[in-house]
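What follows is one structure encoded as structure tokens, with my remarks underneath.
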Protein chains: 2
Amino acid sequence: MLLTPEQLRRHFQERGLKFTSQRYAIYRALAGSTEHPSVEDLYSTVKASYPTLSMNTVYNTLESLKEIGIASEISLWHDKARFDANQASHHHLVCLRCKKIEDLYDDTLDRLALSPKAKHRYRITGHRVEFHGYCSRCKPKMNKPQKRR
Amino acid sequence: MLLTPEQLRRHFQERGLKFTSQRYAIYRALAGSTEHPSVEDLYSTVKASYPTLSMNTVYNTLESLKEIGIASEISLWHDKARFDANQASHHHLVCLRCKKIEDLYDDTLDRLALSPKAKHRYRITGHRVEFHGYCSRCKPKMNKPQKRR
DNA sequence: TCCTAAATAAGAATAATTACTATTTACCAC
DNA sequence: GTGGTAAATAGTAATTATTCTTATTTAGGA
């Protein structure tokens, strides 16, 4: 369900953000794709109709869409690779603000399986559950985003 | 359970890789941490005892540890941020080789909950299950890693 | 002990993201 | 509708993570 320009305008305005045609075009490109596009993907798609579009506008618009709750970023730690030597089956509890990652051991989660239909197309090597939220330290500051480390 | 130098040496040698003191130090720094460290974190930790250590060596060692199956990278798309405007509850099926991400709808997965103990420390806003594997196109090429796009 | 292929270190190159600044534009008050 | 103002845009520069290149060193087998 694609939002109409008027619906999207309302969302923006409720947050005191301005609604622009670039923003609607970027929204449309994102919502019309099931490819989980990157910034570059969106930029080149929208650039076709807005030749002067800048990357900055794409980044900026995505931030706003996230703020509004209309889009989300599925790559939580894209800014830096993170490693783990713990090869025991486990899952993660991630603080959305400070990016701390806690380990989570849970048999039920270990045993999750894919539906047979999907299973036969993919060769599954594992799975991982990520719970997202705010740790005790960040809970009080949920709405104050943290700057780069 | 930290591997001894000799155990780790064996792992390296089985793959035709050389065992160096830098590699053991990096392994120790990684395995001794529950912080899911970044490359930079490991670099500065190990640099204390190996002042000439280079970033390259850290990257290189982490690649080898992944190859051996002793470490893993928890940030799957760290190279590029990826976005999604689908706010319906869903999960992901990720191809480890071509990085394609398919959506997965599954009520059982939607209903997962955290243990009460963990729940009271964190303020959970959601969760996501990621199945990892190889898509039908990449299945035959599982062992041929793909270069950067 | 010697040889050779692989690892290291140091620095340059690349790619994604963020910051900066002048110009333009949305939208509110009138 | 007009004008004022704060925010958005575009273009460019700066920053940061990662990869590449090359000369030197070293592990491990002969």
Side-chain angles (χ1 to χ4, degrees), chain A residues 5-6 8-27 36-44 46-47 49-68 73-83 99 145-149, chain B residues 5-6 8-27 36-44 46-47 49-68 73-83 99 145-149:
Chain A
E6 287 318 312
L8 191 58
R9 159 174 277 127
R10 201 166 310 127
H11 276 111
F12 272 96
Q13 295 190 351
E14 273 166 13
R15 302 276 177 142
L17 298 167
K18 289 182 179 172
F19 180 73
T20 66
S21 54
Q22 287 94 329
R23 289 182 161 184
Y24 190 62
I26 291 164
Y27 164 72
H36 310 83
S38 66
V39 175
E40 176 72 39
D41 294 337
L42 295 168
Y43 174 73
S44 33
V46 177
K47 182 105 179 164
S49 23
Y50 289 82
T52 66
L53 185 72
S54 82
M55 279 284 194
N56 202 328
T57 300
V58 182
Y59 278 101
N60 187 355
T61 300
L62 287 168
E63 270 320 299
S64 304
L65 291 172
K66 286 199 294 181
E67 211 178 310
I68 291 174
E73 193 172 335
I74 62 183
S75 42
L76 283 183
W77 313 283
H78 71 273
D79 55 340
K80 275 184 189 174
R82 304 279 296 262
F83 296 85
K99 312 275 201 224
Q146 198 171 42
K147 279 291 112 197
R148 259 181 171 267
R149 289 148 299 290
Chain B
E6 286 319 312
L8 190 59
R9 159 175 275 125
R10 200 165 310 126
H11 276 111
F12 272 96
Q13 294 191 350
E14 272 166 15
R15 301 276 178 139
L17 298 168
K18 290 183 178 170
F19 180 74
T20 66
S21 54
Q22 287 94 328
R23 287 181 164 187
Y24 190 61
I26 292 164
Y27 164 73
H36 310 83
S38 66
V39 176
E40 176 73 38
D41 294 337
L42 294 168
Y43 174 73
S44 30
V46 177
K47 182 106 179 164
S49 24
Y50 288 83
T52 66
L53 185 72
S54 81
M55 280 285 194
N56 202 329
T57 300
V58 182
Y59 278 101
N60 187 356
T61 300
L62 287 167
E63 268 322 298
S64 304
L65 290 173
K66 284 200 294 181
E67 212 178 310
I68 290 174
E73 192 172 335
I74 62 183
S75 42
L76 283 182
W77 313 282
H78 69 273
D79 54 340
K80 274 185 190 174
R82 304 280 295 263
F83 296 85
K99 311 276 200 225
Q146 198 171 42
K147 280 291 111 200
R148 259 181 170 266
R149 287 149 301 290

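Order of the sequence lines fixes the chain letters, A, B, ..., with proteins taken first and strands second; residue numbering starts at 1 for each chain.
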(request) Take atom CG of B:L76 and atom P of D:dT18, then tell me their distance rounded to the nearest Å. (result) 14 Å
(message) Taking atom types as they are modelled, would you say the side chain of B:K80 forms a donor-acceptor pair with the base of C:dA15 within the 3.5 Å cutoff?
(response) no
(message) If you assign each of B:F19 and B:V39 to its closest nucleotide in DNA chain D, which residue comes earlier from the 5' end?
(response) B:V39
(message) Distance criterion of 3.5 Å, no angle test: do you see the side chain of A:N60 paired donor-to-acceptor with the base of C:dT18?
(response) no
(message) Categorize B:Y59 for me: base, sugar-phosphate, or nothing, with a 4.0 angstrom heavy-atom threshold over every strand shown.
(response) base
(request) Report the residue (B:K18 or B:K47) whose heavy-atom-nearest nucleotide on DNA chain C is the more 5′ of the two. (result) B:K18
(message) Whether A:T20 contacts D:dT9 is assessed here as follows: a side-chain N or O lying under 4.0 Å from the phosphate OP1 or OP2. Is that the case?
(response) yes
(request) Can you figure out which of D:dT19, D:dA10, C:dA10 approaches the side chain of A:T52 most closely? (result) D:dA10
(request) Write down the distance between CE (B:M55) and P (D:dC20), rounded to a whole number of angstrom. (result) 16 Å
(message) Quick check on D:dT12: is either OP1 or OP2 less than 4.0 Å from any side-chain nitrogen or oxygen of A:S54?
(response) no
(request) Looking only at side-chain atoms of A:L17, point me to the closest of D:dG28, D:dA8, D:dT18. (result) D:dA8
(request) Indicate yes or no: at least one non-hydrogen side-chain atom of B:V46 is less than 4.5 angstrom from one of B:Q22. (result) no
(message) Check the phosphate of C:dC27 against A:R9, side-chain N and O only, distance under 4.0 Å to OP1 or OP2. Yes or no?
(response) yes
(request) Let me know the distance between CZ of A:F12 and P of C:dA26, rounded to the nearest Å. (result) 13 Å
(request) Determine: side-chain N/O of A:Q22 to OP1/OP2 of D:dA10, distance under 4.0 Å, yes or no. (result) yes
(request) Please check if the side chain of A:D41 supplies one atom and the backbone of A:S38 the other of a donor-acceptor pair under 3.5 Å. (result) yes
(message) Checking the side chain of B:R9 only, and the main-chain atoms of B:F19 only, is there a donor and an acceptor separated by less than 3.5 Å?
(response) no
(request) Round to a whole Å and report the spacing from CG of A:N56 to P of D:dA13. (result) 14 Å
(message) In whole Å, I'd like the distance from the CD atom of A:E67 to the P atom of D:dA8.
(response) 9 Å
(request) Answer yes or no: is there a donor N or O on one side and an acceptor on the other, between the side chain of A:T61 and the main chain of A:R23, under 3.5 Å? (result) no
(message) Without decimals, in angstroms, what is the distance between B:Y24 OH and C:dT8 P?
(response) 16 Å
(request) Nearest whole angstrom, please: distance from the P of D:dA27 to the CZ of B:R10. (result) 19 Å
For nucleotides 28-30 of chain C, which of its nitrogen or oxygen atoms have a protein nitrogen or oxygen under 3.5 Å away, and what is each distance?
none

(message) Are B:I68 and B:R15 packed together at the side-chain level, in the sense that at least one heavy-atom pair is separated by less than 4.5 angstrom?
(response) yes
(message) Once you apply a heavy-atom cut-off of 4.0 Å, does A:E40 come out as touching a base, just sugar-phosphate, or nothing?
(response) nothing
(message) In this structure, how many angstroms lie between the P atom of D:dT25 and the CG atom of B:L53, rounded?
(response) 17 Å
(request) Could you check if a side-chain atom of A:R82 sits within less than 4.5 angstrom of a side-chain atom of A:K99, using non-hydrogen atoms only? (result) yes
(message) Quick check for you: to the nearest 0.5 Å, what is the distance between B:L65 atom CG and B:F12 atom CZ?
(response) 4.5 Å
(request) Would you check if A:L62 and A:L42 make a side-chain contact, meaning some heavy-atom pair closer than 4.5 Å? (result) yes
